[in-house]
Student: 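Encoded as structure tokens, here's the structure I'll be asking about.
Reckoned from all heavy atoms, side chains included, excluding hydrogens, waters and symmetry mates. We name chains A, B, ... by the order of the sequence lines, and we start the count at 1 in each one.
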Amino acid sequence: MFFSFVFGSFQLFFSFVCFIVFLFFFFSSLGHSLGYGFVNYLNPSDAERAISTLNGLRLQSKTIKVSYARPSSDTIKDANLYISGLPKTMMQKDVEEMFARYGRIINSRVLVDQASGLSRGVAFIRFDKRAEAEEAIKDLNGQKPPGAAEPITVKFAASPNQVKNSQIIPPNYHTPPRRFGGPVHHQAQRFRFSPMSVDHMSGMSGVNMPGNSSSGWCIFVYNLGQDADEGMLWQMFGPFGAVTNVKVIRDFNTNKCKGFGFVSMTNYEEAAMAIASLNGYRLGDKILQVSFKTSKSHK
DNA sequence: TGCAATT
């Protein structure tokens, strides 16, 4: 439902047709979603900006891929490979190198043991075309990688249906956010599809930490104008990192903003940076006060 | 100073 809210607003703001953005959630699928979705843009430049802004963005434990959608066709179906028996020393890059000659790799992943952080010797590789995947199986199944003691198994991956937790994509509004003094977006994190880049504060979901809840960090924004809207909050906070939700609190009768709102961000460091940067920010004729939400909420 | 919730 939040999903439909997000995509509903997206459609409202950007509407229909033309360029397609393909999203792929790395590290497994979530909820009943298959882990990916499509967004249509009216303007190619908007699609371009969505890609450059959101690709590689970390959301919870995931890193999203955002790229142009490949045209749908039977030739790209069932092109995902399951590889097992890999030497534990082989990294994602090494596995990709081994398979690259068979075709264009759409994505890849080496499974890692949660506790030890070491490779489990299992990988997935999705090729652009099923024929490429078939070639790779023919050639590499039962083969030993250079220096390996055991042969690897290469076969088609099982059809997609693992169930996991659900999470949401923060839309990023189309106005250039630089005027909010936000950081250039995620230069260091982009393309680092590694589970090592997990927020080090997320293990600290402690009771004493302000603003923290089970899903990210809630930020209190005070001194919004009467006609503040959610779009403003997305614009202000989006540049600092993964924003999962924004809310402008309005009077039920007048529908005017009561002067404050909330923003949820996934990663502590990004939330802290947003607060440090936006607290005291002048929005119109008002000086914003931005802080972690306090827990005075039980009535 | 002001910290929600009409899914």
Student: Grab the CG-P distance between A:N245 and B:dA4 for me, whole Å please.
Tutor: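 After rounding, the gap between these two atoms is 15 Å.
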
Student: From the options B:dG2, B:dC3, B:dA4, select the nucleotide whose nearest atom is closest to the side chain of A:Y222.
Tutor: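 Out of B:dG2, B:dC3, B:dA4, the nucleotide with an atom closest to A:Y222's side chain is B:dG2.
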
Student: I need the CD1-C1' distance between A:I219 and B:dC3, as an integer number of Å.
Tutor: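 Between C1' of B:dC3 and CD1 of A:I219: 13 Å.
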
Student: What is the distance, to the nearest angstrom, from the CG atom on A:N279 to the C1' atom on B:dG2?
Tutor: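 From A:N279 CG to B:dG2 C1': 14 Å.
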
Student: Tell me, please, which residues at least two apart from A:E135 pass salt bridge (charged side-chain N to carboxylate O under 4.0 Å, His left out).
Tutor: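 For A:E135, the residues satisfying salt bridge (charged side-chain N to carboxylate O under 4.0 Å, His left out) (neighbours in sequence not counted) are A:K138.
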
Student: Can you say whether the rings of A:W217 and A:Y268 are parallel (under 30°), tilted (30 to 60°) or perpendicular (over 60°)?
Tutor: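 If you compare the ring of A:W217 with that of A:Y268, the planes turn out perpendicular.
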
Student: Calculate, to the nearest 0.5 Å, the distance between atoms CE and CG belonging to A:M232 and A:L283 respectively.
Tutor: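 A:M232 CE to A:L283 CG: 4.0 Å, rounded to 0.5 Å.
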
Student: Would A:F260 count as stacking on B:dA4 if stacking means ring centres less than 5.5 angstrom apart and planes tilted under 30 degrees?
Tutor: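 It does not: the ring fails the test against the base of B:dA4.
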
Student: What integer distance in Å separates A:D251:CG from B:dG2:C1'?
Tutor: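 Answer to the nearest Å: 15 Å.
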
Student: A:K247 NZ to B:dT6 C1': how many Å, rounded?
Tutor: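 Spelled out: NZ on A:K247 to C1' on B:dT6 is 9 Å.
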
Student: Between B:dC3, B:dA5, B:dT6, spot the one nearest the side chain of A:F252, thanks.
Tutor: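 So the nucleotide nearest the side chain must be B:dT6.
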
Student: Write down the distance between NZ (A:K293) and P (B:dG2), rounded to a whole number of angstrom.
Tutor: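 Rounded to whole Å, this separation is 14 Å.
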
Student: Can you list, by chain and residue number, the hydrophobic cluster partners of A:F156 when the side-chain cut-off is 4.5 Å?
Tutor: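 Answer for A:F156: A:L81, A:I83, A:L86, A:M90, A:V95, A:M98, A:F99, A:Y102, A:I105, A:V110, A:I125, A:F127, A:I137, A:L140, A:I152, A:V154.
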
Student: For A:I249 and for A:N223, locate the closest nucleotide of DNA chain B by heavy-atom distance; then report the residue assigned to the nucleotide nearer the 5' terminus.
Tutor: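 On the 5' side of the pair lies A:N223.
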
Student: Whole-Å distance between B:dG2 P and A:K256 NZ?
Tutor: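 After rounding, the reported distance stands at 24 Å.
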
Student: Tell me: CZ of A:F292 to P of B:dG2, nearest whole Å?
Tutor: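 Value for this atom pair: 21 Å.
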
